[in-house]
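Step one of this worksheet: look at the structure below.
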Amino acid sequence: MLDFKKIEKKWQNEWEKNKTFQVEDNSKKKKFYCLEMFPYPSSTGLHMGHALNYTIGDIFARFKRMNGFNVLYPMGYDAFGLPAENAAIKAGEHPMSYTENAMNNFITQQKTLGLSYDWSKKVITCHPDYYKWNQYFFLKFYENGLVYRKKSSVNWCPKCTTVLANEQVHSGKCWRHEDTDVEIKKLEQWFIKTTKYSEELLEKIKTLDWPERIKIMQENWIGRSNGTEVLFEINGKKWPVFTTRPDTLYGVTFLVISAQHENLINIVSKEQKKEVKNFLKKLKSVSEKELETMEKEGVFTGSYAINPLNNEKVPVYAGNFVIADYGSGMVMAVPAHDQRDFEYAKKYKIQLKLVIQGEKKLDINNIIKAYTEDGVLINSGNFNGLDNNKAKEEITNYLESKKLAKKVTNYKFRDWLVSRQRYWGTPIPMVYCDKCGVVPVLEKDLPIKLPEKVKFGEGNPLATNKDFVNVKCPKCKSNARRETDTMDTFFDSSWYFLRYCDNKNNKLPFDAKKVNYWMSVDQYIGGAEHACMHLIYARFFTKALRDLGIIKIDEPFTSLFNQGMLHGSDGNKMSKSLGNVINPLDMIEKYSADSLRFTLMSLASPDKDSIWNDSNLDSNYKWLIKVFNYFENVKVGKTSKKLDSEINKTIKDVTDDIENFKYNIAIIRLRKLLENFEKEGEVSKEYLEVFVKLLHPICPHLTEEIWHSLGNKTFVSLEKWPKYDEKKIDLELDYLEEELNTTKEDIQYVMKLTKNEKPNKVTIIIAQDWKYDLYKKVEGLLKNFKNPGDIIKELMKTDMKKYGQEVVKIIPKLVERKLNIVLAKKKELDFFSKNKDILEKEFGCKIFIEDGDKFKHQKSNFALPKKPAILIE
RNA sequence: GCGGGGAUGCCGGAGCGGUCAAACGGGCUAGACUAAGGAUCUAGUGGCUAAGGCCUACGCAGGUUCAAAUCCUGUUUCCCGCACCA
């Protein structure tokens with residue numbers, strides 16, 4: 001009897017005991033780095049998304065291993081983060097013990113799934129031997145001008161008296177105080193200069209083998225736009241304004257400066273001061289959520305700007321909708337040709353000026369929305385009549401020659417705000433000294449460890465910990481204060497894949513040699529939700545380390561695979577509130593890990609969203625039992641030619657399928673292969689083993705067990721992936737098999753027609769009337785045409801009526817199979833002659849096979865069309 | 001608003017120009033085995049037909065092609081990202 005639980009445990013232990021999956025850093029084999037995005041170890045343990053993700057990766061790693069690669073396949077934990085800290089506040093448990101428990105739970109569960117990680121490579125980000133290097137890199141970045149401090153707006157909860165991460169703001173309220181609006185506060189924060197790499201990050205996307213949608217998301221996120229920076233004069237000073245529409249410069253009727261602009265106050269006139277202040281006050285009191293949905297509002301600053309192109313004077317407003325840190329924080333408004341400006345102008349009754357004319361003439365007094373299409377310039381002085389796209393260029397050039405404008409490229413991409421006012425993260429290794437200012441911690445003093453004993457629940461626990469805060473200045477040794485902010489956890493995950501390569505190094509973050517051997521990650525696997533966060537940060541980090549001379553690669557992840565979302569059986573996202581959550585561990589408990597793995601992979605193509613169904617698991621479980629039983633009872637012997645062809649074809653296809661993550665299709669082929677096995681009386685040991693190997697990546701435990709029951713002493717996990725022999729794949733076998741079956745049916749049919757139930761003699765006349773004729777024609781055409789379409793076209797010209805649609809279907813098949821067309825008839829004759837005995841057995845009489853061209857029979861009106869003719873006597 | 005991806009049988013899903021009434025599962029129906037079967041096996045599962053075959057189907061409407069579930073255009077609808085980036 002098959003006891004899944006027992007054998008799964010058994011093989012997990014064996015693998016562990018034998019260090020089956022431990023990888024060598026020095027190997028003559030070609031390396032392959034297979035990696036899944038490491039998890040945040042939450043106390044709720046593995047969910048189905050994890051199980052899916054890791055199974056996809058494990059199959060690939062096992063597959064690559066069997067294909068002779070030296071595979072690095074590690075696992076680790078993104079162990080810093082807010083949930084642990086909140087649990088600490090709520091339950092009074094220390095984040096460290098909370099996290100340790102969660103991680104141990106994860107590890108057990110992952111082992112239960114049979115994942116072939118090299119556990120000796122484990123990386124845990126909340127341990128000082130990891131975060132020490134976060135601090136090290138932070139300092140390196142600081143030295144090289146990639147880290148700076150700046151005032152910035154952040155989310156602030158007045159009840160928690162702390163800054164919140166964006167994820168902690170739910171609809172403008174604090175996640176722990178549903179009645180409390182989150183405020184926007186301006187605080188000094190640490191930033192990483194990710195924008196230094198905007199251009200490279202954008203350009204190199206093209207070279208990546210990533211899902212198209214992720215690439216597009218990143219492109220949009222970085223958001224390059226080419227435009228012109230035009231200098232407007234306000235009160236005698238020049239102010240830059242970024243625009244992508246310099247062609248509409250004559251249509252500018254006002255400017256808007258961001259309400260958050262640093263220098264806003266400099267252009268506010270005395271008379272307007274009060275009003276502007278009121279406006280700013282009003283903005284401060286609104287929550288972040290309201291800010292998002294708020295209508296465009298503004299206030300006149302009292303100043304006017306001079307348009308450099310036509311010297312017109314236009315009013316300058318301060319507006320809530322202009323982004324302070326994009327472009328120059330000030331925009332020119334052309335209400336006739338920009339919808340946003342149009343709405344604003346309507347609201348504040350500012351005039352419109354039409355400067356671009358489309359095919360239809362617009363009435364300035366009667367337009368209901370901005371005209372944003374292309375057209376020809378009007379009301380634009382010397383530029384009238386120009387095509388507006390040409391005008392962009394010409395106007396820019398004109399102003400450039402007068403030093404009043406220049407071409408610039410802007411990005412939406414911002415610098416990375418990395419500081420968090422939170423305990424459970426990497427302390428930022430900086431010190432504030434009254435004499436020396438901001439001073440970096442010395443490298444030899446790393447790591448700056450998180451103090452263990454801290455008070456939770458009153459803002460940042462680090463800030464209230466005197467032992468932590470009070471420190472001597474590294475420069476002058478006088479009393480100083482430690483930075484109490486910690487790093488965003490995305491800092492941790494930006495380089496963990498490098499640490500895997502050399503996770504025990506305590507002298508350096510990693511040995512460059514090892515990293516250079518293993519990197520880049522050949523196959524990265526994870527969800528799409530990280531498209532614009534982790535994946536960009538990690539790319540940035542890689543480039544920054546490259547430029548610091550630490551590593552050599554440009555891109556961390558050569559190839560990326562996104563798994564689809566698994567929905568509950570009701571078609572909704574799995575969620576507790578909907579009660580449709582399926583826990584992978586429950587399923588393993590009930591059925592087995594292999595059944596779960598097999599089911600997850602057979603649901604649908606792994607990159608597509610799919611819907612969970614309980615009964616699938618049940619039937620797949622039974623199928624695996626069937627496999628096991630088959631091998632228990634199989635007669636080992638010789639293999640038929642037909643199976644020979646089938647198995648070689650299956651090897652070829654399954655290899656291809658797995659390589660392309662079409663695991664669902666691979667499973668189908670394996671099901672079919674087993675069916676074919678079952679039809680055979682006996683199968684050779686070699687082929688039985690092929691099946692076991694092909695199934696192994698998907699069901700590692702069961703196959704390991706069967707492998708041994710076949711008398712092997714090795715691990716199938718480390719066996720060589722089967723090779724196929726193209727020559728043995730004989731597609732015609734199938735075709736002829738079909739032919740034999742239809743012939744059988746035909747004989748039965750004729751027997752029925754003639755009411756002759758016990759014939760003495762059956763003659764099969766391979767006349768091949770129309771078919772033979774067609775073969776010959778196609779053969780002729782093959783000399784001149786290669787693809788089926790052309791051959792069909794050619795046939796259509798002359799013989800369409802004769803052959804009809806039906807025949808058209810056969811042609812591609814013929815061509816694809818490279819059937820030796822001339823021999824078609826002869827082959828069929830041969831085939832039938834060979835299989836005569838099968839038919840004789842079946843019908844209990846003599847069977848004669850005749851060539852229709854030569855065969856002459858007295859009563860010659862017997863032929864059925866489109867088939868070998870059958871004569872019963 | 002912008003961007004991306006879907007819509008296939010009772011259901012999950014393959015297919016992504018010609019071997020398509022649609023792989024493979026699930027479900028259902030019938031038969032076999034059984035004392036019985038939720039176990040196993042076999043067959044069937046769009047319509048018509050004894051069969052060869054014919055007709056109707058891949059969200060909807062058009063188009064390209066000898067040929068379209070597959071390509072193009074429009075449209076409806078669902079999902080997912082980003083959102084005032086000038």
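Just so you know, these numbers use all the heavy atoms, side chains as well, and skip hydrogens, waters and symmetry mates. Sequence lines set the chain letters: A, B, ... in the order given, protein chains first and strands last, and positions in each chain run from 1.
Counting to the nearest Å, the P atom of B:C84 and the CE atom of A:Met330 are 20 Å from each other.
Within 4.0 Å of A:Arg224, counting heavy atoms only, lies no atom of the nucleic acid at all. Within 4.0 Å of A:Asp609, counting heavy atoms only, lie sugar-phosphate atoms of the nucleic acid but no base atom. In this structure, A:Ile323 reaches the bases: a heavy-atom distance under 4.0 Å links it to at least one base atom across the strands shown. Residue A:Trp221 is in sugar-phosphate contact alone, with no base atom involved, counting any heavy-atom pair closer than 4.0 Å across all strands shown. Among the protein residues, A:Thr243 comes within range of the sugar-phosphate backbone only, with heavy atoms under 4.0 Å from sugar or phosphate atoms but none that close to a base. A:Ser569 comes within 4.0 angstrom of no nucleic acid atom, judged by non-hydrogen atoms across all strands. In this structure, A:Val241 reaches neither bases nor backbone, as no heavy-atom distance under 4.0 Å exists between it and the strands shown. Heavy atoms of A:Asn220 sit under 4.0 angstrom from primed sugar atoms or phosphate atoms, though from no base atom.
Atom name P, nucleotides B:A32 and B:G47: the rounded distance is 24 Å, in whole Å. Only the C1' atoms considered, B:U45 is 16 Å distant from B:C24, to the nearest whole Å. With P as the reference atom, B:C60 and B:C54 are 24 Å apart, rounded to whole Å. Rounded to whole Å, the P atom of B:U65 lies 35 Å from the corresponding atom of B:C11. Comparing the P positions of B:A30 and B:C20 gives an interatomic distance of 30 Å, to the nearest angstrom.
Remark: of the listed residues A:Ile214, A:Asp209, A:Leu208, A:Ile214 is the sole one forming a side chain to side chain contact (heavy atoms under 4.5 Å, CB included) with A:Pro211.
Within the shown strands, nothing qualifies as a pairing partner of B:U19 under the Watson-Crick or G-U definition with both distances less than 3.5 Å. In this structure, B:G12 and B:C24 make a Watson-Crick or G-U wobble pair, each of the two defining distances being under 3.5 angstrom. Using N1 to N3 plus N6-O4 or O6-N4 for Watson-Crick, or N1-O2 and O6-N3 for G-U wobble, each under 3.5 Å, B:U29 pairs with B:A43. Pair assignment for B:C58: none, as no Watson-Crick or G-U wobble contacts are both less than 3.5 Å. Under the Watson-Crick and G-U wobble criteria, each requiring two contacts below 3.5 Å, nucleotide B:U65 is left unpaired. Pair check for B:A7 finds B:U76; Watson-Crick or G-U wobble, both atom distances under 3.5 Å.
If you look at A:Trp416 and A:Tyr537, their ring centroids are closer than 6.0 Å. Ring centers of A:Tyr591 and A:Phe4: at least 6.0 Å apart, outside the cut-off.
Closest-nucleotide positions on RNA chain B for A:Arg213 and A:Ile665 were compared, and the one nearer the 5' end corresponds to A:Arg213. Nucleotides of RNA chain B nearest to A:Ser602 and A:Ala324 differ in position, and the one nearer the 5' end is that of A:Ser602.
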